[in-house]
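Step one of this worksheet: look at the structure below.
Residue numbers begin at 1 in each chain, while the letters A, B, ... track the order of the sequences. For the numbers below, each heavy atom of this structure counts, side chains included, while hydrogens, waters and symmetry mates do not. All of these numbers come straight from a predicted model, not from anything done at the bench.
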Amino acid sequence: MNDPVTALHATVSAAVSGLTGGEVPELGLERPGNAAHGDYATSVAMRLAPLLGKAPRDIAQLLADVLVADPAIASVEIAGPGFINLRLAASWYHQALSDMLSAGAQFGRSVVAAGDEILVEFVSANPTGDLTIGSARNAAYGDSVARLLTFVGEQVTREYYFNDAGNQIALFGQSVQARRLGAEIPEGGYPGDEVGELAAALDLPDDASLAEWTARGIEAMMVRIRGSLERMRVTFDLWTSEQTLHASGAVQKAIAQARSEGHVFEQAGATWLRTTSFGDDKDRVLLKADGELTYFAADLAYVGLKFERGAARALYVLGADHHGYISRLKAGAACLGYDPERVEVLIYQLVTVSGERMGKRRGNVITLDGLADAIGVDAARFFLVQRSHDQMLDIDLDLAVETSSKNPVFYVQYAHARCQSILRKAQADGLTTTGTGPAHAPEPQEAALIRRLAEWPDVVATAADLRAPHRIVTWTQELAADFHAFHHDLFVLHEDEEIRAFRLSAVAATGEAIARALDVIGVAAPDSM
RNA sequence: GCGCCCGUAGCUCAGGGGAUAGAGCGAGAGACUUCUAAUCUCGAGGCCGCAGGUUCGAAUCCUGCCGGGCGCGCCA
C-alpha cells in the first residue's frame, strides 16, 4: 500500500543517504505546530552535524538543493538553527487522496507487526456483582487496545479470567441463598440489588444445597456480566475460570514445574515461590500452612497456561490498585522458565465519580450498565478512553448526563454524518465524480484536511505501540475540527467538476477515516444524526 | 519507609528530544438565502510543581525535593 507520508519520508531519506554515503539517522520529520514552518519539517541537518563535521545550516542547504527537485515538494526553506521546512505541492495532495481512497479500510494497516499471538486478558472481574465503573474503564481500555493491536496486524486473543473459588465466592453463594430464602446476608456478603434479582430468578428449589446456589449464582452472574459487556461491544474469545485450573491439575503442575526449576521452598509450614530471585520485593506463598492454595498459585498456573497454549506475549489489563501484580506476575513467569519480558501488565489509573472513589461497601456504586443508560454506549466508550490510561479519570455524572449534546463524541460523529449526508446529496443530484480533479490546486482548508488524514498510519502505529488508544480519540477530534472548518468555508458540490471531484474525494476519505478510527475504540459512526 | 501513576490556561486534559507549548469546557465578541448551526471565526487567559543535570536544543530524558492518588497480607 502506498502511504503519502512514507513516500515523503523516503524522499528525505534518499537525500540524506546521498549526502552521507548511506548512513541515515532518525529524520525527525514531523508536522510543525507553527504553520509558518511549513507543512512538514525535518531536523535531520542538526542530527547530521556531528557526523559530517559541518554546520547544520550548511548541511540543510545541501539537502534543500536536492529536495526542491522533487515534484511532490513545492518549496524548501532553511530556518532557525538548521530546520528544513517543506511545503507540499498540489501533486502530493492528489496522490495522497487517491492513495488513501484506494487503500480504504486498509489504510494504516501497512505498519506490519510481528503477527505473533498476543493474549489480552482484561476485565476479569469476579462474578460477585454487576460490573462497576472501574471495570467499565478496564473494558473500554482493554478492548480498544485489543482492537488497536488487531488493526496493526497482531493476532489477538481476548480472554476473561474469573475466580469461582475461594472465600469471596463462598460468601457470594451464601448471599444468593440468603436472598432467596429471605435470610440474613452473611457478614461481608453481597447486599447488591442484582444479587437479589438473580437469586429470585434462579430455577432452584428452596432446599437446594449451598454448592448449587453458588454454582448457579455464578453462572447467572456471568450471564449478566457478559450481557453488559456485549452491550458495550466488548466480546471475548476465551472465558477461563479458576476452578478449571485446579480441576485440570494445572495448578499442581505449575508448582511442580517451578519446583523443578529450583524456585520453590518450604517455610513456616507453607510452600513459597522465590519471586525475589526475579525482582519481586517479597516471596509469595503458594500453599498456605492450612493446606489451602492461594490465588497466586492459580495466577502462576494461569500465566504458564497462556504460554503453553502458544501465546507469544501475555498482556494483563489491571487497575492501579493491582500494580503490585506487575513484578509478581513477571517473576512468576520467570520461575516457570519463561522470559518475563513476555508478560506485559497494562495499568490504568482509578476512576472516581464526581470526585469520589466508589466501592460496593460505600454504597455509591455506579455500574457499567448505569453509565451506558445515562450517557449511551458511544459516549461512554469515548469518554472512558479519552484520557491516557496513566491519568486518573473523574466522571462528572451530572455533566455527562446533562450535556450529552456537547460531549466531544457527538462532535466527531457529526462530522461523519455530514460526510455521508454530502455523499448522499451528490448521489441524489447526479453530481458524483471520479478521480480527484487533478487540475485543482487545494485551498488551505483542503490541504490541512488532507495532511491530517495522512497522519493516520503514524497515529495508529504509535497508539498501538504505546497501548494508548486515547491518541486515537485525540486525533479524531482534530480531524473532525479540520473537517468542520473545511465544510464551513468551502462548498463541496461545486459547479466546477474539477473542484467538486477533489472535494468529494476529500469528503469520502474523511468519512472513511472517522469510521475507521472510531471503530478502533468501539464507537459507532452514524450516517445521519 | 518502599514501589507505581500524576502535577501543563479558571476547570478537564493533549503533547513520549525540536522552533513562538495546544484542544475542549467556562467567560468575551462575531458569523447562517447554498451540501445538517450538534457548525465556524476572532481575541483574552501559562514561573509546563521546584531545583539541579544530560543535550546544539528539555513540558518531554536523568537525579533530588515538594504536593496529590494508589498499593505494599499465609486477604480476595
Ring centroids of [X] and [N] base under 5.5 Å with planes under 30°:
{"X": "A:Y411", "N": "B:A38", "result": "no"}
{"X": "A:F491", "N": "B:C35", "result": "yes"}
{"X": "A:H37", "N": "B:A19", "result": "yes"}

Lys/Arg N to Asp/Glu carboxylate O, A:E455 vs A:R31, below 4.0 Å: yes
For the side chain of [X], starting at C-beta, report the closest nucleotide among [options].
{"X": "A:E30", "options": "B:C74, B:A14, B:G18", "value": "B:G18"}
{"X": "A:R47", "options": "B:G18, B:C74, B:A76", "value": "B:G18"}
{"X": "A:A320", "options": "B:A14, B:A31, B:C70", "value": "B:C70"}
{"X": "A:H470", "options": "B:C72, B:C6, B:A14", "value": "B:A14"}
{"X": "A:S421", "options": "B:A31, B:C35, B:C74", "value": "B:C35"}
{"X": "A:H323", "options": "B:C4, B:C5, B:A37", "value": "B:C4"}
{"X": "A:M46", "options": "B:C13, B:A19, B:G18", "value": "B:G18"}
{"X": "A:S43", "options": "B:A38, B:C5, B:G18", "value": "B:G18"}

Taking only the [atom1] atom of each, what is the distance from [N] to [M] in whole angstrom?
{"N": "B:G43", "M": "B:G24", "atom1": "P", "value": "13 Å"}
{"N": "B:C74", "M": "B:G68", "atom1": "C1'", "value": "33 Å"}
{"N": "B:A19", "M": "B:G57", "atom1": "C1'", "value": "10 Å"}

Establish, with yes or no, whether the OP1 or OP2 oxygen of [N] is under 4.0 angstrom from a side-chain nitrogen or oxygen of [X].
{"X": "A:R418", "N": "B:A37", "result": "yes"}
{"X": "A:N167", "N": "B:A76", "result": "yes"}
{"X": "A:K288", "N": "B:A76", "result": "yes"}
{"X": "A:Q386", "N": "B:U12", "result": "no"}
{"X": "A:R471", "N": "B:G15", "result": "yes"}
{"X": "A:K282", "N": "B:G3", "result": "no"}

Pair A:Q168-A:N126, side-chain donor/acceptor within less than 3.5 Å: no
Plane angle bin for A:W456 and A:W475 - parallel if under 30°, tilted between 30 and 60°, otherwise perpendicular: tilted
Plane angle bin for A:Y348 and A:Y141 - parallel if under 30°, tilted between 30 and 60°, otherwise perpendicular: tilted
Integer-rounded Å distance: B:C32 P and A:H487 NE2: 16 Å
Between B:G73 (P) and A:Y325 (OH): distance, integer Å: 11 Å
Working for salt bridge (charged side-chain N to carboxylate O under 4.0 Å, His left out), residues A:R47 and A:E26: CA-CA 8 Å; A:R47 296 162 199 271; A:E26 188 68 33; over 6 Å; no
Aromatic ring proximity A:Y161/A:Y302, centre distance under 6.0 Å: yes
